[in-house]
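Report on the structure given below.
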Number of protein chains: 2
Amino acid sequence: MAEELTVGVLLFIPYRAMENRVFAAMAEAGYGDITVAQARLLQRIGPDGTRLTVLAEAAQVTKQTAGFLVDQLERAGYVERVPDPADGRARLVRLTGRALEGIPVADREVAKVEQEWERHIGKRRMAQLRETLTMLREITDPYQ
Amino acid sequence: MAEELTVGVLLFIPYRAMENRVFAAMAEAGYGDITVAQARLLQRIGPDGTRLTVLAEAAQVTKQTAGFLVDQLERAGYVERVPDPADGRARLVRLTGRALEGIPVADREVAKVEQEWERHIGKRRMAQLRETLTMLREITDPYQ
DNA sequence: TACTTTAATCAGTGTCTCTGACTATCGTCA
DNA sequence: TGACGATAGTCAGAGACACTGATTAAAGTA
């Protein structure tokens, strides 16, 4: 298995590694009940709350799926639904204190992993990688 | 949303784009019944067939899950199970003609997407990206 | 031969995601 | 202003995927 993998697969390997690391760190800090799907949604919730439809679009799932995940997150105490003052149909999904306290834990682990990577490939390559991926995002991210 | 994303998320965006493109191409060519999980398993099947346990390990799922996916692939006509001459307990999962015909379709789309990326970021950056990701793989791929 | 390991399957469960149908509200335009 | 299409969200039902735990059958080993 020392063959030349495609860039697609090569992108996935470190991504998956990062995800696993952050999840392990969260679990260790007492946030072991959050799933991958829930985390993807959590990341998209803005400081003043975000509508379900916006969340669904950003996470690339249906409204139903997003609603299902928010139900779970609400039950676990990570988010709350409040009426949207600007639109009677809509409700805003907002992070609770418990969720807000978890953010630094995740951020710290992300920073730690990025440092390990930088140590391995060097500062210059790391900056280049970030730059290149940002350029690639221009043509691959439909929701940027 | 023009903020600086973490490298982890930046890796995921183009990966996801590649995956979507390949799946769309496969669907267009008449392979629309293959799912992501099934494809991950299919990729790991060697030319002479591969045991279920090996497949499960490589794809990082349990034997049960791998067996479930192979059941589906068998029903759809992409793989067949044959006895392993070397071990009476084991059976080899082998690709059928139908699956083998699909491989070039996927390869072509991968090449096409990589070309588009190269056109956007340039030949030099593309080569650097491949190099950097390969280096990163050394510390992030437990199954290399 | 008895014991342990390995390959695969069976049974049961929980999570995630989808399609389709529905209610309530909003915005617009005649 | 009142009718109508669009939008926000929910309910109902289904399928895909992944897990743990237990079981059967065959190898390998002492």
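Naming convention: chains lettered A, B, ... in sequence-line order (proteins, then strands); numbering from 1 in each chain. Owing to the predicted nature of the structure, the values given are computational and were not obtained by experimental measurement.
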Tell me which donor-acceptor pairs under 3.5 Å the side chains of residues 102-110 of chain B have, and how far apart each pair is, sequence neighbours excluded?
{"unit_1": "B:E109", "atom_1": "OE2", "unit_2": "B:R21", "atom_2": "NE", "d": "3.0"}
{"unit_1": "B:E109", "atom_1": "OE2", "unit_2": "B:R21", "atom_2": "NH2", "d": "3.1"}

Can you sort out the partners of B:R94 under side chain to side chain contact (heavy atoms under 4.5 Å, CB included), two or more places apart, ordered by chain and number?
B:E80, B:V82

Once you round it to whole Å, what is the distance between P of D:dA16 and CG of B:L73?
12 Å

Taking all non-hydrogen atoms of both residues into account, name the closest pair between B:T140 and A:P14 and its distance.
OG1-CA, 3.9 Å

Would you kindly compare A:G88 and A:V36 by the position of their nearest DNA chain C nucleotide and give the one closer to the 5′ end?
A:V36

Other members of the hydrophobic cluster containing B:F23, with the 4.5 Å side-chain heavy-atom rule, please.
B:V36

Given atom CG of B:D33 and atom C1' of D:dG15, what is their separation to the nearest angstrom?
15 Å

Tell me whether B:L92 is reachable from B:L69 by hopping between hydrophobic residues (I, L, V, M, F, W, Y) whose side-chain heavy atoms are closer than 4.5 Å.
no

Is the shortest side-chain N/O distance from B:Q72 to OP1 or OP2 of D:dG15 below 4.0 Å?
no

Between P of C:dT15 and CZ of B:F68, the distance in whole Å
17 Å

Close N or O pairs between protein and nucleotides 6-9 of chain C (under 3.5 Å):
{"unit_1": "C:dT6", "atom_1": "O4'", "unit_2": "B:R89", "atom_2": "NH1", "d": "3.4"}
{"unit_1": "C:dT6", "atom_1": "O2", "unit_2": "B:R89", "atom_2": "NH1", "d": "2.7"}
{"unit_1": "C:dA8", "atom_1": "OP1", "unit_2": "B:R91", "atom_2": "N", "d": "2.8"}
{"unit_1": "C:dA8", "atom_1": "OP1", "unit_2": "B:R91", "atom_2": "O", "d": "2.7"}
{"unit_1": "C:dA8", "atom_1": "OP2", "unit_2": "B:L52", "atom_2": "N", "d": "3.3"}
{"unit_1": "C:dA8", "atom_1": "OP2", "unit_2": "B:T53", "atom_2": "N", "d": "3.0"}
{"unit_1": "C:dA8", "atom_1": "OP2", "unit_2": "B:T53", "atom_2": "OG1", "d": "2.7"}
{"unit_1": "C:dA8", "atom_1": "N7", "unit_2": "B:K63", "atom_2": "NZ", "d": "2.8"}
{"unit_1": "C:dT9", "atom_1": "OP1", "unit_2": "B:R81", "atom_2": "NH1", "d": "3.1"}
{"unit_1": "C:dT9", "atom_1": "OP1", "unit_2": "B:R91", "atom_2": "NH2", "d": "2.8"}
{"unit_1": "C:dT9", "atom_1": "OP2", "unit_2": "B:R81", "atom_2": "NH1", "d": "3.2"}

In residues 14-31 of chain A, which residues come under 4.0 Å of DNA chain C by heavy atom?
none

If I take atom CZ in residue A:R40 and atom P in nucleotide C:dT15, what distance separates them, rounded to the nearest angstrom?
17 Å

Those residues at least two apart in sequence (or on a different chain) that pass side chain to side chain contact (heavy atoms under 4.5 Å, CB included) with A:T134 are B:L10

Applying side chain to side chain contact (heavy atoms under 4.5 Å, CB included) to B:L52 and not counting sequence neighbours gives B:A66, B:V70

Figure out the CG/C1' separation between A:D84 and D:dG9, and round it to whole Å.
12 Å

For a quick test of reading the model: is some side-chain N or O of A:T65 closer than 4.0 Å to OP1 or OP2 of C:dC18?
yes

Looking only at side-chain N and O atoms, does B:T62 come under 4.0 Å of OP1 or OP2 in D:dT20?
no

Euclidean distance, atom CG of residue B:L42 to atom P of D:dC17 [Å, nearest integer]
12 Å

B:E57 has an atom CD; how far is it from atom P of D:dC19, in whole Å?
13 Å

Nearest-angstrom distance from the residue atom CD1 of B:I34 to P of D:dC17
11 Å

B:R125: what forms a side chain to side chain contact (heavy atoms under 4.5 Å, CB included) with it, not counting sequence neighbours?
A:E131, A:T132, A:M135, B:I121, B:Q128

Give the other cluster members for A:V61, using side-chain heavy-atom distances under 4.5 Å between Ile, Leu, Val, Met, Phe, Trp and Tyr residues; answer none if it is isolated.
none

